[in-house]
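I have placed the structure first, in the form of structure tokens, so that the comments after it can refer back to it.
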Amino acid sequence: MTIAIKPDTDEKRLVRRTWPRYIPMALLALFFMFPIVFMFVSAFKTDAAIFADLRSLRAFLPIGELTFANFAGVFDRVPVIRFLFNSIFITTAIVGLGLIVNSMCGFALSRMKWRGQKIVFSIIIATLIVPFETVAIPLVYWVAKLPSVEFNGLMPTYSQGWLNTYHVQILPFVANAFFIFLFAQYFKSIPRELDEAARVDGASWFQIYWKLIVPLSGPVFATAAILTFVSSPGAWNAYLWPLMVAQQEELRPVMVGMQYFFQLDTAWGEIMAYTSLITLPVLILFLCFQRAFVNSIASTGMKG
């Protein structure tokens, strides 16, 4: 009786060559997951259990006396739903308006020709080296002096200052020098012959931008949206700016809510529960759009 041996295919040889590379990558991924796992597990433990398990692997395991009391304490101490609504509203507004404004600026700097274009572009790039913390205090002064319009029914009333409003947390972060540069570099990679052909057909510059460039620039729009969500000083992770300009509790985002847990007695279990609640939407968003995130970063890197 003879045993037939299947020939070694290229696919199998490729698997044997590549699988050892995934071992250190998997170990590194587990290492970076430890803080997140610790946070979620500690959200169900008492403060005493958290400190008792710190010196062992029990800190990363859901064992011992587990309770939902920390989550109940979070809702008693902090208006979580209101803070989540504020963060979602502010972040969505910054991302949406930012995509429009930054892409239009990038289009004007990369596709159109006008006097002083290079100087303006150089000034925009120069602002990238200025940390936000250095301009935060002067920016607070100026937004406190800006005129504000409020509507009492149909009658507008005018006042001074943008403090304690939603738009003071949104408008300063709509235009972003990095994303203007990102859009400009991507738009430069699109052949200019398309613009010339559209101009011959009678299209305006806005029609070229909206109907020609935007449909061809999906990767850079996805990249800008994701990076704005996670890295903008006024978006989901914002803490310093809303702490300075929003003193009313009903206007504050989720990150400012962290200070509520350090005012009187520090309850570490409630802190872990609160951070779990505000981290969960980000993780869900990333898992849902993981493929788009990776593809957008890769495509933008090759195009730019």
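Bear in mind the structure is a predicted one, so any value in this text is a computation, not a measurement. No hydrogens, no waters, no symmetry mates; every other heavy atom, side chains included, goes into these values.
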Distance-only, no hydrogens or angles: does the [X] side chain make a donor-acceptor pair with backbone N or O of [Y] under 3.5 Å?
X: Asn102; Y: Val174; answer: yes
X: Gln117; Y: Leu109; answer: yes
X: Thr92; Y: Ile88; answer: yes
X: Thr275; Y: Met272; answer: yes
X: Arg111; Y: Ile190; answer: yes
X: Gln259; Y: Met255; answer: no
X: Trp114; Y: Ala108; answer: yes

The test is side chain to side chain contact (heavy atoms under 4.5 Å, CB included); show your working for Ile208 and Arg199 and say whether it passes. CA-CA 8 Å; Ile208 294 173; Arg199 295 290 289 176; 3.4 Å; yes
Return the orientation label for the [X] and [Y] ring planes: parallel under 30°, perpendicular over 60°, tilted otherwise.
X: Phe71; Y: Phe44; answer: tilted
X: Tyr274; Y: Phe261; answer: tilted
X: Phe89; Y: Phe85; answer: parallel

For Asp47, all residues meeting salt bridge (charged side-chain N to carboxylate O under 4.0 Å, His left out), sequence neighbours excluded: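 With neighbours one apart ignored, the set is empty.
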Rounded to the nearest 0.5 Å, what separation is found between the [atom1] atom of [X] and the [atom2] atom of [Y]?
X: Ser217; Y: Tyr209; atom1: OG; atom2: OH; value: 9.0 Å
X: His167; Y: Ile90; atom1: NE2; atom2: CD1; value: 11.5 Å
X: Phe206; Y: Phe107; atom1: CZ; atom2: CZ; value: 10.0 Å
X: Leu28; Y: Phe31; atom1: CG; atom2: CZ; value: 8.0 Å
X: Asn70; Y: Ile271; atom1: CG; atom2: CD1; value: 10.0 Å
X: Met33; Y: Ile36; atom1: CE; atom2: CD1; value: 7.0 Å

Can Leu240 and Glu133 be said to form a side chain to side chain contact (heavy atoms under 4.5 Å, CB included), step by step? CA-CA 8 Å; Leu240 176 62; Glu133 289 75 11; 4.0 Å; yes
With a sphere of 6.0 Å drawn around [atom1] of [X], does it hold more than 12 non-hydrogen atoms of other residues, nucleotides or ligands?
X: Trp210; atom1: CH2; result: no
X: Leu27; atom1: CG; result: yes
X: Ile129; atom1: CD1; result: no
X: Leu57; atom1: CG; result: no
X: Lys188; atom1: NZ; result: yes
X: Gln160; atom1: CD; result: yes

How close do [X] and [Y] get, counting heavy atoms only, and between which atoms?
X: Gly257; Y: Val78; result: O-CG2, 4.2 Å
X: Leu61; Y: Val41; result: O-CG1, 3.3 Å
X: Phe262; Y: Met258; result: CD1-O, 3.2 Å
X: Ala43; Y: Ser276; result: CB-OG, 3.8 Å
X: Leu66; Y: Lys45; result: CD2-CG, 4.1 Å
X: Thr165; Y: Leu251; result: N-CD1, 3.7 Å

So among Pro253, Pro281, Ser231, which one has a side chain to side chain contact (heavy atoms under 4.5 Å, CB included) with Trp236?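 By the side chain to side chain contact (heavy atoms under 4.5 Å, CB included) criterion, Trp236 pairs with just one of Pro253, Pro281, Ser231: Pro281.
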What about [X] and [Y], same hydrophobic cluster or not, with Ile/Leu/Val/Met/Phe/Trp/Tyr joined at side-chain heavy-atom distances under 4.5 Å?
X: Leu54; Y: Ile63; answer: no
X: Ile124; Y: Ile100; answer: yes
X: Ile180; Y: Phe173; answer: no
X: Tyr141; Y: Leu243; answer: no
X: Val135; Y: Leu146; answer: yes

Can you check whether Phe132 reaches Leu139 side chain to side chain, under 4.5 Å on heavy atoms?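 A side-chain contact exists here, since the closest heavy-atom pair is under 4.5 Å.
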Does the side chain of Leu227 come within less than 4.5 Å of Phe179's, by heavy atoms? yes
Decide if the gap between the ring center of [X] and the ring center of [Y] is smaller than 6.0 angstrom.
X: Phe183; Y: Phe187; answer: yes
X: Tyr260; Y: Phe83; answer: yes
X: Tyr186; Y: Phe221; answer: no

For a side chain to side chain contact (heavy atoms under 4.5 Å, CB included) check, start with the C-alpha distance between Trp241 and Val168, then their side-chain angles and the critical distance, and finish with the verdict. CA-CA 9 Å; Trp241 181 251; Val168 75; 4.1 Å; yes
State which residues pass side-chain hydrogen bond (donor to acceptor under 3.5 Å, both in side chains) with Arg58; sequence neighbours excluded, sorted by chain then number. Asp53
Stepwise, does the side chain to side chain contact (heavy atoms under 4.5 Å, CB included) test hold for Thr228 with Asn176? CA-CA 9 Å; Thr228 301; Asn176 186 290; over 6 Å; no
